[in-house]
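Just below is one structure, and these are the notes that go with it.
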Amino acid sequence: MKPVGLMLVAVGLGLVVVGLLVWAGAFSWFGRLPGDIRVESGRTRFYAPLASMLLISVLLSLGAWVLRRFFQGP
């Protein structure tokens, strides 16, 4: 049960750090990456954040790999 508690604490601290960075405006560039598609025509707006979602997917996969690597039993 101890590794699960440690993993929950690590995830919680990570969320706090990301929350503080978002609050401080460190991610103002997010959503405006070169691969994000934005089309505005009259009253119609279309937005497909392809590059942003790809970046989030890679970061979450990397984070899950790191957590599994550190907290996996012998």
Side-chain angles (χ1 to χ4, degrees):
M1 197 64 155
K2 192 173 185 177
V4 174
L6 188 58
M7 186 167 47
L8 286 174
V9 168
V11 169
L13 288 174
L15 285 173
V16 167
V17 168
V18 170
L20 287 172
L21 288 172
V22 169
W23 181 60
F27 293 115
S28 62
W29 53 268
F30 188 74
R32 291 186 225 120
L33 295 174
D36 294 341
I37 299 171
R38 181 184 308 232
V39 178
E40 294 183 20
S41 173
R43 294 184 346 183
T44 305
R45 294 181 187 164
F46 175 74
Y47 180 64
L50 298 176
S52 297
M53 292 301 108
L54 182 63
L55 180 64
I56 285 179
S57 176
V58 168
L59 291 176
L60 287 176
S61 295
L62 182 65
W65 178 80
V66 167
L67 285 175
R68 262 187 273 124
R69 188 93 168 138
F70 282 122
F71 297 110
Q72 192 174 31

Considering only distance and modelled atom types, tabulate donor-acceptor pairs under 3.5 Å from the side chains of residues 9-34, sequence neighbours left out.
unit_1	atom_1	unit_2	atom_2	d
Trp29	NE1	Ala26	O	3.2
Arg32	NH1	Ser28	O	2.9
Arg32	NH2	Ser28	O	3.2

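- Residues meeting the side chain to side chain contact (heavy atoms under 4.5 Å, CB included) test with Val39, sequence neighbours left out: Ile37, Phe46.
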Quiz item: Step by step, would you call Ile56 with Met53 a side chain to side chain contact (heavy atoms under 4.5 Å, CB included)?
Solution: CA-CA 5 Å; Ile56 285 179; Met53 292 301 108; 3.7 Å; yes
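- Remark: Leu50 CG to Leu55 CG distance equals 12.5 Å, nearest 0.5 Å.
- Among pairs with a residue in residues 48-62, those fulfilling side-chain hydrogen bond (donor to acceptor under 3.5 Å, both in side chains) read Asp36-Ser52, at least two apart in sequence or across chains.
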